[in-house]
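FYI, side chains are in, hydrogens and waters are out, and symmetry mates aren't considered; it's all heavy atoms of this structure. We count residues from 1, following the sequence as given.
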Amino acid sequence: MNDPVKYLKFLLSSRNQHGVHSPFVYKYVTQCLYAKPRRHRRKSLDVLLKSIDHFKAERAYIPSGQEEILHEVREKFPAITFDGGPYDLLFVDFCDDRVQDILSSPNNKIHNDSLLLIDGTHRSKGSEKCWERLKKTKTVTVTVDMFHCGAVFFRKGQAREHFKIRI
């Protein structure tokens, strides 16, 4: 968190579970994001590990160059696979054009229940612009902005909503 003013503005405009009216997101917030114990000291990796467990993810996408994260996931979830797709959970370390490429690829590797976790959604002006574009993508139905990271869901039939949640 490089900009305390930006973080303070986020805190003032965000909510906890009491401001969530979607049953799906309420369950995600209360049973996953707020679940104890913490699994990692870094908030975005804590969300990643809790989300894998909560959604019982079997296939995950973590880009090359993220060996520390791969090791952490493999250590805690030895049955998870990282090859092929479609993926239950995708984790990218920065909101940039790679995210749009993943979503617009002709052999899209996501399905209705996929979760895309993006680390550093507020890291720079570029990542914030990417996050805003992503929220407008027609296949995206629900986003959860947690400042340190963001969760993107593609659930058909789900009302289109965007949440800011304090973690």
Margin query: Restricting to non-hydrogen atoms, name the atom on Ala35 and the atom on Gln31 that form the minimum distance, rounded to 0.1 Å.
Written below: CB-O, 3.5 Å

Item checked: Ile80 CD1 to Arg74 CZ distance, which is reported to the nearest 0.5 Å -> 10.0 Å

Next item on the list: Examine Val29 and Phe163 and state if one hydrophobic cluster contains both, with Ile, Leu, Val, Met, Phe, Trp and Tyr joined whenever side-chain heavy atoms are less than 4.5 Å apart.
Entry: yes

Check: Counting only N and O atoms by type, is there a donor-acceptor contact under 3.5 Å from the side chain of Asp46 to the main-chain atoms of Arg38?
Finding: no

Checklist line | Test item: Asp88 side-chain N/O and Arg59 main-chain N/O as donor-acceptor pair under 3.5 Å | finding: yes

Checklist line | Spacing of CE belonging to Met146 relative to OG1 belonging to Thr121, to within rounding of 0.5 Å | finding: 8.0 Å

Check: Are Tyr26 and Val47 grouped together when hydrophobic residues (ILVMFWY) are joined by side-chain heavy atoms under 4.5 angstrom apart?
Finding: yes

Next item on the list: Please indicate whether Glu58 has more than 12 foreign heavy atoms, meaning atoms of other residues, nucleotides or ligands, lying under 6.0 Å from its CD.
Entry: no

Margin query: Quick one, His122 and Lys6 - any side-chain contact, counting heavy atoms below 4.5 Å?
Written below: yes

Checklist line | Common cluster, Phe154/Phe91, ILVMFWY with side-chain heavy-atom separation under 4.5 Å | finding: no

Check: How close do Ser114 and His111 get, heavy atom to heavy atom, and via which atoms?
Finding: OG-N, 2.7 Å

Checklist line | Pairwise distance CG(Asn16) to CZ(Arg166) - rounded to 0.5 angstrom | finding: 5.0 Å

Next item on the list: Determine whether Ile118 and Leu134 make a side-chain contact, defined as any pair of heavy atoms from C-beta on separated by less than 4.5 Å.
Entry: yes

Checklist line | Heavy-atom check, side chain of Val20 versus side chain of Arg15, under 4.5 Å | finding: no

Item checked: Verdict with supporting geometry, Ile110 and Leu116, side chain to side chain contact (heavy atoms under 4.5 Å, CB included) -> CA-CA 9 Å; Ile110 59 172; Leu116 170 63; over 6 Å; no

Note to self: Please say yes or no: joined through hydrophobic side-chain contacts below 4.5 Å, possibly via intermediate residues, are Tyr34 and Leu117 part of one cluster?
What the structure shows: yes

Item checked: Pairwise side-chain contact, Glu161 with Val25, heavy-atom cut-off 4.5 Å (strictly under) -> no

Check: Roughly how far, to the nearest 0.5 Å, is CG of Asp93 from OG of Ser127?
Finding: 11.0 Å

Margin query: Using 0.5 Å steps for rounding, measure from the CG atom of Leu89 to the CZ atom of Phe55.
Written below: 8.5 Å

Margin query: Check the orientation of Phe24 and Phe153. Use parallel for under 30°, tilted for 30 to 60°, and perpendicular for over 60°.
Written below: perpendicular

Item checked: Centroid-centroid distance, Tyr7 to His148, less than 6.0 Å -> yes

Notebook entry, point to check: Under 4.5 Å between any side-chain heavy atoms of Tyr28 and Leu115, yes or no?
Noted result: yes

Note to self: Measuring only between side-chain heavy atoms, which start at C-beta, is Val92 closer than 4.5 Å to Tyr61?
What the structure shows: yes

Margin query: Main chain of Lys50, side chain of Arg39: is a donor-acceptor contact present, judged purely on distance under 3.5 Å?
Written below: no

Checklist line | Linked, directly or transitively: Val152 and Ile165 (ILVMFWY side chains, under 4.5 Å) | finding: no

Note to self: His40 vs Leu48, test: side chain to side chain contact (heavy atoms under 4.5 Å, CB included). Steps then yes/no.
What the structure shows: CA-CA 9 Å; His40 200 277; Leu48 170 65; over 6 Å; no

Checklist line | Main-chain N/O of Tyr87 paired to Lys109 side chain as donor or acceptor, under 3.5 Å | finding: no

Note to self: Between Asp145 and Lys135 (salt bridge meaning N to carboxylate O under 4.0 Å), is one present in this structure?
What the structure shows: no

Note to self: Quick check for you: to the nearest 0.5 Å, what is the distance between Cys149 atom SG and Ile167 atom CD1?
What the structure shows: 5.0 Å

Next item on the list: Check for a donor-acceptor pair, side chain of Thr141 on one end and backbone N or O of Arg155 on the other, with a separation under 3.5 Å.
Entry: yes

Notebook entry, point to check: Does a side-chain N-to-carboxylate-O contact under 4.0 Å join Lys76 and Glu72?
Noted result: yes

Next item on the list: Indicate the atoms forming the closest heavy-atom contact of Val73 with Phe82, along with that distance.
Entry: CG1-CZ, 3.7 Å

Check: Can His71 and Glu75 be said to form a side-chain hydrogen bond (donor to acceptor under 3.5 Å, both in side chains), step by step?
Finding: CA-CA 6 Å; His71 174 73; Glu75 184 179 294; 3.2 Å; yes

Notebook entry, point to check: Does Val142 reach the side chain of Ser22, with side-chain heavy atoms less than 4.5 Å apart?
Noted result: no

